Amino acid sequence: MLALDPFPLPLHLVTGNHDAPEALVGGFGGTRFLGGGTLTSYVVEHPAFTVVVLDSWVSGSPGGRLGSGQVAWLDRALARRPGVPALVCLHHPPVPVGIPFLDAMGLADGPELGEVVAAHPRVVRVLAGHVHRPVTAPFAGSTVAVAPSTYRQSGLVLREGVPGYPDEPPAFFLHVRPGAPAGAAWVTHTVPTTAPGVSR
């Protein structure tokens with residue numbers, strides 16, 4: 001049994017820049033954590049929303065790229081359920097976050113992703129990670145929510161240089177759609193994984 005099996009909420013894995021996609025498929029292929037399939041780009045159609053997971057991993061690079069084929073695939077995936085809210089998930093944020101060290105290893109084809117997101121107004125969130133800080137920004141008529149790290153956070157260094165890791169608690173994002181009809185706003189919460197003052 002996988003350690004994640006008891007997790008009670010929908011949980012879908014995204015390839016990060018430190019991951020090996022083949023290892024992710026080897027460990028989780030065929031499970032609900034990869035949408036029941038054996039690819040690192042996949043779609044899960046929940047009754048109230050659609051999750052589209054993209055793979056921005058680039059071999060040997062901390063930066064990310066989707067590529068024209070995957071961007072076109074996303075457009076087709078979003079077109080299948082035009083009336084249902086959608087979450088688009090990838091590792092690298094498609095917008096600069098204002099920290100030069102991290103922006104230098106961002107998503108190379110963010111504008112191309114933005115064109116597809118703008119064409120599908122039911123995309124309620126674009127979810128990313130990579131920068132180890134919670135960041136929220138407008139993007140292509142939607143909102144980018146960048147998750148904090150469940151390990152350690154990057155410093156908010158708005159100048160050149162390595163940000164370092166301040167003593168900020170690990171956390172994760174929880175996205176909820178409070179019992180409203182389709183199309184209602186989603187709410188993003190940052191949830192610390194430890195209480196203040198508790199060693200980790």
Side-chain angles (χ1 to χ4, degrees), residues 1-46 50-78 86-97 99-113 116-117 125-135 144-155 162-165 168 170-175 193 200:
M1 180 175 94
L2 295 171
L4 296 176
D5 279 344
F7 194 75
L9 301 175
L11 178 62
H12 307 295
L13 301 179
V14 179
T15 307
N17 62 294
H18 293 291
D19 294 329
E22 63 275 9
L24 194 68
V25 170
F28 296 97
T31 72
R32 65 185 173 107
F33 305 112
L34 283 185
T38 56
L39 298 174
T40 52
S41 297
Y42 57 93
V43 178
V44 179
E45 295 183 347
H46 294 280
T50 301
V51 175
V52 185
V53 174
L54 303 173
D55 186 346
S56 58
W57 179 85
V58 175
S59 178
S61 171
R65 179 180 296 277
L66 296 172
S68 58
Q70 195 172 188
V71 170
W73 172 81
L74 170 65
D75 189 38
R76 295 190 300 272
L78 292 172
L87 307 173
V88 174
C89 310
L90 71 163
H91 184 67
H92 295 83
V95 295
V97 299
I99 301 174
F101 178 81
L102 298 171
D103 288 337
M105 58 179 83
L107 185 71
D109 44 6
E112 291 82 352
L113 174 61
V116 173
V117 170
R125 285 288 187 283
V126 176
L127 306 178
H130 186 55
V131 300
H132 288 233
R133 282 205 69 79
V135 178
V144 172
V146 182
S149 173
T150 57
Y151 174 41
R152 57 186 183 176
Q153 312 311 319
S154 293
V162 179
Y165 299 103
E168 296 179 15
F172 64 94
F173 275 163
L174 177 64
H175 302 280
T193 58
R200 44 184 201 277

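Computed from a predicted structure; not experimentally measured. Quick note: numbers below take in every heavy atom, side chains included, and nothing from hydrogens, waters or symmetry partners.
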| said: Please verify the inter-ring angle class for H130 with H91; under 30° counts as parallel, over 60° as perpendicular, anything in between as tilted. | reply: perpendicular
| Which heavy atom of P134 sits nearest a heavy atom of P148, and at what distance? | CD-CB, 3.8 Å
| task | Assign the ring pair H12 / H46 to parallel, tilted or perpendicular, where the plane angle (0 to 90°) is split at 30° and 60°. | result | tilted
| field | Side chain proximity check, L90 to V126, heavy atoms < 4.5 angstrom | value | yes
| What distance separates S154 OG from E168 CD, expressed to the nearest 0.5 Å? | 9.0 Å
| field | From Q70 atom CD to D109 atom CG, the distance as rounded to the nearest 0.5 Å | value | 8.5 Å
| Which heavy-atom pair separates V51 from C89 by the least distance, and what is that distance? | CG1-SG, 4.0 Å
| field | Check against side chain to side chain contact (heavy atoms under 4.5 Å, CB included), V97 and D103 | value | CA-CA 6 Å; V97 299; D103 288 337; 3.4 Å; yes
| remark: Heavy-atom nearest pair, N17 first then S61, reads CB-O, 4.2 Å
| task | Indicate the atoms forming the closest heavy-atom contact of Q153 with Y165, along with that distance. | result | O-CD2, 3.1 Å
| message | Applying the side chain to side chain contact (heavy atoms under 4.5 Å, CB included) criterion to V52, which one of L87, V44, L78 satisfies it? | response | L78
| Any side-chain heavy atom of V144 within less than 4.5 Å of one from V135? | no
| said: For T15, is there any backbone N or O sitting under 3.5 Å from a side-chain donor or acceptor partner on D55? | reply: no
| remark: Output for pair (R65 CZ, H92 NE2), nearest 0.5 Å, gives 11.0 Å
| With side chains defined as the heavy atoms from C-beta onward, is the minimum distance between I99 and V131 less than 4.5 Å? | no
| From CG (L39) to CH2 (W73), nearest 0.5 Å | 8.5 Å
| query | How long is the span from the CG atom in L13 to the OG1 atom in T31, to the nearest 0.5 Å? | reply | 7.0 Å
| message | How close do G16 and W57 get, counting heavy atoms only, and between which atoms? | response | O-CD1, 3.2 Å
| task | Keeping to residues at least two apart or across chains, list the side-chain hydrogen bond (donor to acceptor under 3.5 Å, both in side chains) pairs with something in residues 18-28. | result | none
| field | From D75 atom CG to L113 atom CG, the distance as rounded to the nearest 0.5 Å | value | 11.0 Å
| Can you name the nearest heavy-atom pair linking P163 to G155, along with the distance? | CB-O, 3.4 Å
